[in-house]
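Remember, it's a predicted structure, so these values are computed and weren't measured experimentally.
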There are 2 protein chains.
Amino acid sequence: MKNSINTILKTSQLSVTTNRIKILELFQNSGNALSHADIEKLSGKHFDRVTIYRTLQTFVDKGIIHTIPTADNSIMYALCKEACTSGHHHDDHVHFICEVCGSTYCLDNISLPQVNVPKGFSINQTNILVHGVCKNCK
Amino acid sequence: MKNSINTILKTSQLSVTTNRIKILELFQNSGNALSHADIEKLSGKHFDRVTIYRTLQTFVDKGIIHTIPTADNSIMYALCKEACTSGHHHDDHVHFICEVCGSTYCLDNISLPQVNVPKGFSINQTNILVHGVCKNCK
DNA sequence: ATATATTTTGCAACGCTGTTGCATATTCAT
DNA sequence: ATGAATATGCAACAGCGTTGCAAAATATAT
Ligand SMILES: [Mn+2]
Ligand SMILES: [Mn+2]
Ligand SMILES: [Zn+2]
Ligand SMILES: [Zn+2]
């Protein structure tokens, strides 16, 4: 496990630091999306707030994680499962937020629906956010 | 026009004030969605920042306007066109953000696509945000 | 129309989230 | 091991939104 984290960081041309290893571990162990606040709590406040912001931004830039816009204007982050690279994300999947447990899921196995727009409009990117109850909470 | 604004406010059991009339006029004249910052600019800073926050929140509570979550974590507001009432919104339509002019459209005439979720998940609400180029900018 | 009660507004102060500059510490390459 | 490059922590700051409270505006009753 720690080996694969090493690989992820090195192939992204990032220094391997305690901080980055710990944050990547949190994502891998969680499975679901995490917020900045989640990471602060889960890490036991061992590293600085600013460092977490910078680490998350770096990971997004490198295509290691992607952001998930939410209805309450917080930002969630989740590991990229598809072949995302530096500056080129391919995370076009539905995101699901459970109203009971609060978990945010990346539904990457679900087909993205076709969205219709009026004549003259053209689509570049589609974000779909679904609220409901997850399978663990039903 | 001012008469219909009067009606909107009174049927929502709200006092008719200069402030609320002005903000409703801005929405009616704009046609597209507005942010808090937009309103501050358009109103010429004649009323307080806090009053705008409270007015927007009141309008949302009363079912006069609805919020639109955006990918850059700002909040946009738009007039409710469907029969929204206090505490019960029915604004299930696609929102479109033009990457050229920045306008946010409520596409209430477009059919909402069917989103598939895995077995065991149930849907309560769907938010669809489309980025692209609008008909005025193509 | 006037007086009273209710609601709204503006101001000041505050909290939360995220950012930047810079000196120090850590990691990397030789 | 040494020096260069990179990452971190700290402090300070900015922006956005919230709250308490007194003054002003609006609605209601007489
Ligand atoms: Mn995702
Ligand atoms: Mn809308
Ligand atoms: Zn759940
Ligand atoms: Zn446009």
Side-chain angles (χ1 to χ4, degrees), chain A residues 2-3 5-26 33-62 64-77 86 104, chain B residues 2-3 5-26 33-62 64-77 86 104:
Chain A
K2 174 162 284 180
N3 200 358
I5 286 182
N6 258 353
T7 309
I8 292 172
L9 292 174
K10 290 214 167 134
T11 57
S12 296
Q13 295 174 304
L14 293 174
S15 300
V16 179
T17 69
T18 316
N19 193 309
R20 289 172 176 162
I21 292 171
K22 177 66 177 171
I23 292 183
L24 270 184
E25 277 176 354
L26 290 178
L34 299 174
S35 68
H36 177 278
D38 291 334
I39 293 170
E40 237 177 351
K41 278 173 209 133
L42 290 169
S43 68
K45 312 221 176 204
H46 283 152
F47 16 79
D48 197 78
R49 216 164 54 88
V50 178
T51 304
I52 298 175
Y53 282 116
R54 289 198 266 229
T55 301
L56 290 172
Q57 188 54 55
T58 301
F59 285 177
V60 170
D61 291 344
K62 293 292 187 177
I64 298 171
I65 61 177
H66 63 278
T67 59
I68 306 171
T70 65
D72 71 336
N73 257 48
S74 66
I75 308 178
M76 300 295 292
Y77 300 86
S86 199
T104 300
Chain B
K2 173 163 284 181
N3 200 357
I5 286 182
N6 258 355
T7 308
I8 292 173
L9 291 174
K10 291 216 168 133
T11 57
S12 297
Q13 295 174 304
L14 292 173
S15 299
V16 178
T17 69
T18 315
N19 193 310
R20 288 172 177 162
I21 292 170
K22 178 68 177 167
I23 292 184
L24 271 184
E25 276 176 356
L26 289 177
L34 299 175
S35 68
H36 177 277
D38 291 334
I39 293 171
E40 237 178 353
K41 278 174 209 130
L42 290 170
S43 67
K45 310 220 177 208
H46 284 152
F47 14 78
D48 197 78
R49 214 164 56 87
V50 178
T51 303
I52 298 175
Y53 282 117
R54 288 197 267 228
T55 301
L56 290 172
Q57 188 54 55
T58 301
F59 285 177
V60 170
D61 292 342
K62 294 291 187 178
I64 298 171
I65 62 177
H66 62 278
T67 59
I68 306 171
T70 66
D72 71 336
N73 257 47
S74 66
I75 307 178
M76 301 295 292
Y77 300 86
S86 198
T104 300

(request) Walk me through it: do Asp72(B) and Thr70(B) pass the test side-chain hydrogen bond (donor to acceptor under 3.5 Å, both in side chains)? (result) CA-CA 6 Å; Asp72(B) 71 336; Thr70(B) 66; 2.7 Å; yes
(message) Distance check needed: dC16(D) C1' versus Asp72(A) CG, whole Å only.
(response) 15 Å
(message) Using whole Å, what does the distance between atom C1' of nucleotide dC11(C) and atom CD1 of Ile52(B) come to?
(response) 15 Å
Using nucleotides 28-30 of chain D, report all nitrogen or oxygen pairs with the protein that are shorter than 3.5 Å.
none

Taking only nitrogen or oxygen atoms into account, show me every contact under 3.5 Å that the protein makes with nucleotides 3-8 of chain D, one pair per line with its distance.
unit_1	atom_1	unit_2	atom_2	d
dT6(D)	O3'	Ser15(A)	OG	3.4
dA7(D)	OP1	Arg20(A)	NH1	2.8
dA7(D)	OP1	Arg20(A)	NH2	2.9
dA7(D)	O5'	Arg20(A)	NH2	3.3
dT8(D)	OP1	Thr17(A)	OG1	2.9

(message) Nearest whole Å is fine: how far is dT18(D) P from Asp61(B) CG?
(response) 11 Å
(message) Test of understanding: with ring pair (Phe, Tyr, Trp, His ring centres under 6.0 Å), list the residues that count as partners of His36(B), not counting sequence neighbours.
(response) Tyr53(B)
Are there any protein N/O atoms within less than 3.5 Å of an N/O atom in nucleotides 17-19 of chain C, and if so, which ones and at what distance?
unit_1	atom_1	unit_2	atom_2	d
dG18(C)	OP2	Tyr53(A)	OH	2.9
dG18(C)	N7	Arg49(A)	NH1	2.8
dG18(C)	O6	Arg49(A)	NH2	3.1

(message) What is the distance, to the nearest angstrom, from the CG atom on Leu56(B) to the P atom on dC16(D)?
(response) 14 Å
(message) According to side-chain hydrogen bond (donor to acceptor under 3.5 Å, both in side chains), who are the partners of Gln57(A), at least two apart in sequence or on a separate chain?
(response) Asp61(A)
(request) Measure the spacing between CG of Asn19(A) and CG of Asp48(A) and express it to the nearest 0.5 Å. (result) 9.5 Å
(request) Measure the CD1-CG distance between Ile64(B) and Leu9(B) for me, rounded to the nearest 0.5 Å. (result) 6.0 Å
(message) To the closest 0.5 Å, what do you measure between CD1 (Ile65(A)) and OH (Tyr77(A))?
(response) 6.5 Å
(request) Give, for atom CD1 of Ile75(B) and atom CG of Leu56(B), the distance between the pair rounded to the nearest 0.5 Å. (result) 9.5 Å
(message) Measure CZ/Phe59(B) against C1'/dT7(C) and give the value in whole Å, please.
(response) 14 Å
(request) Quick one: pull up CD1 in Ile23(A) and OG1 in Thr55(A) and give me the separation to the nearest 0.5 Å. (result) 4.0 Å
(message) Checking Leu26(B) now: which residues fulfil side-chain contact (heavy atoms from CB on, under 4.5 Å) with it, not counting sequence neighbours?
(response) Lys22(B), Leu34(B), Ile39(B), Leu42(B), Ser43(B)
(message) Nearest 0.5 angstrom please: Phe47(B) CZ to Glu40(B) CD, how far?
(response) 10.0 Å
(request) Grab the two heavy atoms, one from Asp38(B) and one from Ala33(B), that are nearest each other, plus how far apart they are. (result) OD2-O, 4.4 Å
